[in-house]
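Quick notes on the structure that follows.
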Amino acid sequence: MDMKKLTTLLAGALVIGLLGTACSQNPDKALEEAYKSIIGGDFSGIEDPDYQSEMTMLYEVDHKDKGETWQYVLEDFNKDGQDELFIKLDSSYNSALFAYESEELVPIYVDDVEGNCFIEPLKEGRLLETYDYWTAPTQTIFTLDDQDQRVTHNQYFTMTAENLKEYNSQYESLVDSVYGNHPQDNYYFSQVGDQVKLLTPEEWEAVQEQIESDKISEDQWLSIK
């Protein structure tokens with residue numbers, strides 16, 4: 001090979017190498033572009049075809065046709081050093097959460113099914129899941145690990161005296177040890193791991209006030225057009 005061709009090949013290899021290095025050193029730009037595509041209604045970058053078609057359907061039917069307001073917030077929920085994209089798909093309970101990993105858009109979840117179960121983002125990268133069943137409404141505060149798996153921190157739930165007796169007899173001894181022969185209409189509990197604690201109505205109210213104050217404020221949400 002003559003020196004001219006060798007020099008040209010080396011120069012080309014150097015340019016490609018520099019471009020590759022620049023891209024690998026600027027992951028925030030790629031993440032930004034990936035999330036912009038979703039915010040702009042382009043879901044072709046989602047790696048899973050089922051989630052891709054589901055998001056497209058939700059965008060076209062609920063957001064465009066029905067006029068549901070979509071909002072989003074960026075937050076590092078799995079503590080990997082870069083933000084995930086949380087989308088509120090309507091004003092009540094539907095939502096979706098996406099990560100950008102290994103140069104791909106990865107859906108952590110898309111929840112558009114159960115109206116009595118919904119997830120909301122909290123401050124400091126935490127999430128709140130509410131299961132609003134009539135027997136024992138439950139609130140679970142959790143985070144995500146580096147594999148995007150849930151790590152539960154606290155659970156809070158309530159039940160009536162009737163439901164306690166009929167469905168949740170495992171808590172009766174705890175209730176009896178506190179209230180004895182003075183039953184209440186409603187009981188309030190917190191749980192960390194296997195440890196269950198009975199809360200007073202005042203303690204429950206304080207927990208609810210704290211959860212409300214920990215929710216992402218309205219001025220932090222950005223609208224998707």
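Along the sequence shown, residues are numbered consecutively beginning with 1.
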Check the surroundings of atom [atom1] in [X]: do more than 12 heavy atoms from other residues, nucleotides or ligands lie under 6.0 Å from it?
X      : atom1 : answer
Glu103 : CD    : no
Lys215 : NZ    : yes
Asp219 : CG    : yes
Asp65  : CG    : yes

Single-linkage hydrophobic cluster, 4.5 Å side-chain cutoff, [X] and [Y] together:
X      : Y      : result
Leu74  : Trp221 : no
Tyr100 : Leu144 : no
Phe43  : Tyr109 : no
Ile211 : Phe118 : no
Val61  : Ile39  : yes

Applying salt bridge (charged side-chain N to carboxylate O under 4.0 Å, His left out), which residue pairs with at least one partner in residues 84-100 are found, sequence neighbours left out?
none
Looking only at side-chain N and O atoms, does Thr130 offer a donor or acceptor that is under 3.5 Å from a partner on Asp132?
no
Side chains of [X] and [Y] in contact at under 4.5 Å (non-hydrogen atoms):
X      : Y      : result
Leu58  : Val110 : yes
Tyr131 : Thr140 : no
Gln139 : Ile141 : no
Phe189 : Val175 : yes

Spatial distance of atom [atom1] ([X]) from atom [atom2] ([Y]) [nearest 0.5 Å]:
X      : Y      : atom1 : atom2 : result
Gln52  : Glu54  : CD    : CD    : 12.0 Å
Glu47  : Glu101 : CD    : CD    : 8.5 Å
Asp48  : Glu104 : CG    : CD    : 10.5 Å
Leu127 : Phe142 : CG    : CZ    : 4.5 Å

Ile108 vs Phe77, side chain to side chain contact (heavy atoms under 4.5 Å, CB included): CA-CA, chis, key distance, verdict:
CA-CA 11 Å; Ile108 297 176; Phe77 293 104; over 6 Å; no
Check whether any side-chain N or O of [X] sits under 3.5 Å from a backbone N or O of [Y] as a donor-acceptor pair, and report yes or no.
X      : Y      : result
Tyr35  : Asp83  : yes
Trp70  : Leu89  : yes
Glu203 : Thr200 : yes
Gln82  : Leu31  : no
Gln191 : Gly193 : yes
His63  : Gly41  : no
Asp76  : Gly81  : yes
Glu120 : Leu128 : no

Decide side chain to side chain contact (heavy atoms under 4.5 Å, CB included) for Ile119 and Phe86; before the verdict, give the C-alpha distance in whole Å, the side-chain angles of both, and the deciding distance to 0.1 Å.
CA-CA 10 Å; Ile119 296 175; Phe86 186 102; 4.2 Å; yes
How far apart are the C-alpha atoms of Ile46 and Phe98, what are their side-chain angles, what is the distance that settles it, and do they pass the side chain to side chain contact (heavy atoms under 4.5 Å, CB included) test?
CA-CA 9 Å; Ile46 299 174; Phe98 290 90; 3.6 Å; yes
Using the rule side chain to side chain contact (heavy atoms under 4.5 Å, CB included), only one of Ile216, Leu222, Ile87 pairs with Val73; which is it?
Ile216
Among Tyr156, Tyr179, Phe157, Trp204, the one residue meeting ring-ring contact (aromatic ring centres under 6.0 Å, His included) with Tyr187:
Tyr179
Residue pairs passing the side-chain hydrogen bond (donor to acceptor under 3.5 Å, both in side chains) test where at least one lies in residues 142-152, sequence neighbours excluded:
Asn78-Asp148, Glu129-Arg150, Thr143-His153
